[in-house]
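The structure presented is a predicted model; accordingly, all values stated were derived computationally and were not measured. Here, residue 1 is the first one in the sequence, and each next residue gets the next number.
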Amino acid sequence: RNLQKTVREEQVLVEEMNQLEDEFADSCSFDLFPLDQSVCTGKQVIEQVISAGWEVGRKVRRVSSVQLVLRAELEKAGAVARELRAGASLVHPEKLQAGRVKLKGLLETQREERRQIRMKDLDLMRTQVEMEVPSEELKEKLERIESELRVMKEKAAENDYPAAIARERACLLSLASLHFPELLWEGSDFLRLVRQDLRDVVPRGGLVSAGVLMHGRSFARDYRNIRVLSESSPQTGSLARVCSCEDLQGRKAVVKRYQLGTATHGTAAVRHFYRQVGMLHELQHPHLVPVVAVWQEGEYGFVQMPFY
């Protein structure tokens with residue numbers, strides 16, 4: 001009896017083995033288990049399934065490993081960002097020094113350019129006075145001076161030193177406000193150097209006398225819980241990026257950021273920005289949101305208003 005049972009179990013096992021060796025032509029048409037031959041066996045299909053499972057496992061482990069690396073790098077980046085926002089990192093002080101040297105060079109070149117134009121203007125005025133007793137020689141001299149003066153003024157407009165100086169001052173002010181706040185105390189040589197341009201472009205009175213014009217303020221450093229409400233969009237006519245935030249005292253505010261311009265029209269854009277903000281500040285009406293603060297960082301101008 002035991003022998004018959006063993007024989008039957010052996011026959012069942014042989015039949016199962018034979019089934020694994022059976023050919024399945026249809027199974028080879030699936031793209032999931034591509035095989036080289038046109039006819040495959042059940043055993044080969046199972047081997048393909050096992051191989052595919054191992055491959056999926058390897059890829060999942062690889063993705064998990066990459067995810068861990070990315071998480072670690074994001075944590076490092078977050079730590080660096082927090083350090084920078086706190087102003088604790090004195091990054092590249094040589095960049096600040098190089099900017100100061102560049103700014104002083106631009107100012108000196110601009111002063112020399114203006115001096116030459118003034119001297120030529122004086123020559124023109126003296127020659128015009130001498131023309132009360134006209135002569136051919138004086139007429140030629142007058143034409144020559146007028147031509148030279150016109151060329152000098154065209155060259156000055158092309159150089160556009162005021163725009164370059166405005167950009168350099170704004171960049172230095174932004175860099176110092178983030179990383180070197182000790183340079184921004186009232187009366188310091190650095191502060192006089194970097195904020196002189198603001199006094200040139202901001203209309204007299206208004207913003208200055210009201211204490212609305214801020215020096216050394218940084219949006220990233222002096223505000224928290226920043227949330228973008230809308231981006232600037234030419235399609236909608238919005239020229240500013242609008243954010244809600246809180247100042248360091250916990251007061252809610254809305255801050256608008258404007259792009260002040262490029263190298264070719266930076267000074268004109270800065271003047272236009274402060275003129276428009278000054279006009280808005282002078283308007284007092286219950287239905288108009290007042291201007292609380294205005295400042296400049298690099299190529300951006302910021303306007304703070306209360307949050308309602």
* Asked: Roughly how far, to the nearest 0.5 Å, is the CG atom of N159 from the CD atom of Q110?
  -> 10.5 Å

* **Check ion pair D123-R126 (N to O, under 4.0 angstrom)** => yes

* **Exercise: do R111 and Y161 side chains pair donor with acceptor under 3.5 Å** => no

* Asked: Do L229 and C243 come close enough that some side-chain heavy atom pair is under 4.5 Å?
  -> no

* **Taking every non-hydrogen atom, the tightest pair across M152 and I117** => CE-N, 3.6 Å

* Partners passing salt bridge (Lys or Arg N to Asp or Glu O under 4.0 Å) against R58 (at least two apart in sequence or in another chain) -> E55

* Should we count CD of E137 as having more than 12 external heavy atoms under 6.0 Å? -> no

* So which heavy atom on V254 is nearest to which on F307, and how close? -> CG2-CD1, 3.6 Å

* So do E282 and V277 actually touch side chain to side chain, heavy atoms under 4.5 Å? -> no

* Minimal non-hydrogen separation, S218 against Y223, with atom names -> O-CD1, 4.0 Å

* Asked: So, are E231 and R241 salt-bridged, with charged N and O less than 4.0 Å apart?
  -> yes

* Connected via hydrophobic side-chain network under 4.5 Å: L280 and V289 -> yes

* Please determine if E148 and R144 form a salt bridge, counting it only when a charged side-chain N lies under 4.0 Å from a carboxylate O. => yes

* To do: Verify the cluster assignment for M279 and L213: are they in a single hydrophobic cluster under the rule of side-chain heavy atoms below 4.5 Å apart?
  => no

* Counting distance only, does the side-chain N/O of Q249 pair as donor-acceptor with the main-chain N or O of E246 below 3.5 Å? -> no

* Are V242 and V228 close enough that some pair of their side-chain heavy atoms sits under 4.5 Å apart? -> no

* Determine, step by step, whether C245 and I226 satisfy the side-chain contact (heavy atoms from CB on, under 4.5 Å) criterion, reporting the C-alpha distance in whole Å, the side-chain angles of both residues, the deciding distance to 0.1 Å, and the verdict. => CA-CA 4 Å; C245 55; I226 299 172; 4.0 Å; yes

* Please test Y258 against F273 for ring-ring contact (aromatic ring centres under 6.0 Å, His included), starting from the C-alpha separation and ending with a verdict. => CA-CA 8 Å; Y258 295 85; F273 168 73; 5.8 Å; yes

* Asked: Which heavy atom of E113 sits nearest a heavy atom of A156, and at what distance?
  -> OE2-CA, 3.4 Å

* Under 3.5 Å, side chain of S147 to main-chain N/O of E143, donor-acceptor pair present? -> no

* V291 side chain near Q304 side chain, heavy-atom distance below 4.5 Å -> no

* Separation of M125 CE from Q128 CD (nearest 0.5 Å) -> 7.5 Å

* To do: Would you sort out whether V294 and Y274 count as a side-chain contact (heavy atoms from CB on, under 4.5 Å), showing the intermediate values?
  => CA-CA 8 Å; V294 56; Y274 284 110; 3.9 Å; yes

* Asked: Could you walk me through whether K139 and E136 pass the salt bridge (Lys or Arg N to Asp or Glu O under 4.0 Å) check?
  -> CA-CA 5 Å; K139 184 178 180 180; E136 194 65 30; 5.2 Å; no

* Structure fact -> So CG of D160 and NZ of K155: to nearest 0.5 Å the spacing works out to 12.5 Å

* Which atom pair, heavy atoms only, marks the closest approach of I165 to L106? -> CG1-CB, 3.7 Å

* To do: Would you please test E168 and K102 for salt bridge (Lys or Arg N to Asp or Glu O under 4.0 Å) and show each step?
  => CA-CA 8 Å; E168 197 62 36; K102 181 181 178 181; 3.5 Å; yes

* Asked: Do you know the tightest heavy-atom contact between A240 and K256?
  -> CB-CB, 4.0 Å

* Asked: With the 4.5 Å side-chain cut-off for hydrophobic clustering, are L283 and Y308 part of the same group?
  -> no

* Under 4.5 Å between any side-chain heavy atoms of K153 and D121, yes or no? -> yes

* Asked: Does any non-hydrogen side-chain atom of Q97 lie less than 4.5 Å from one of V101?
  -> yes

* To do: Apply the test side-chain contact (heavy atoms from CB on, under 4.5 Å) to residues Y300 and Q259: give CA-CA distance (whole Å), side-chain angles for both, the deciding distance (0.1 Å), then the verdict.
  => CA-CA 5 Å; Y300 295 105; Q259 176 77 43; 3.2 Å; yes

* To do: Check whether any side-chain heavy atom of L142 lies under 4.5 Å from a side-chain heavy atom of L124, and answer yes or no.
  => yes

* Residue pair V303 / W295, side-chain heavy-atom distance below 4.5 Å -> no

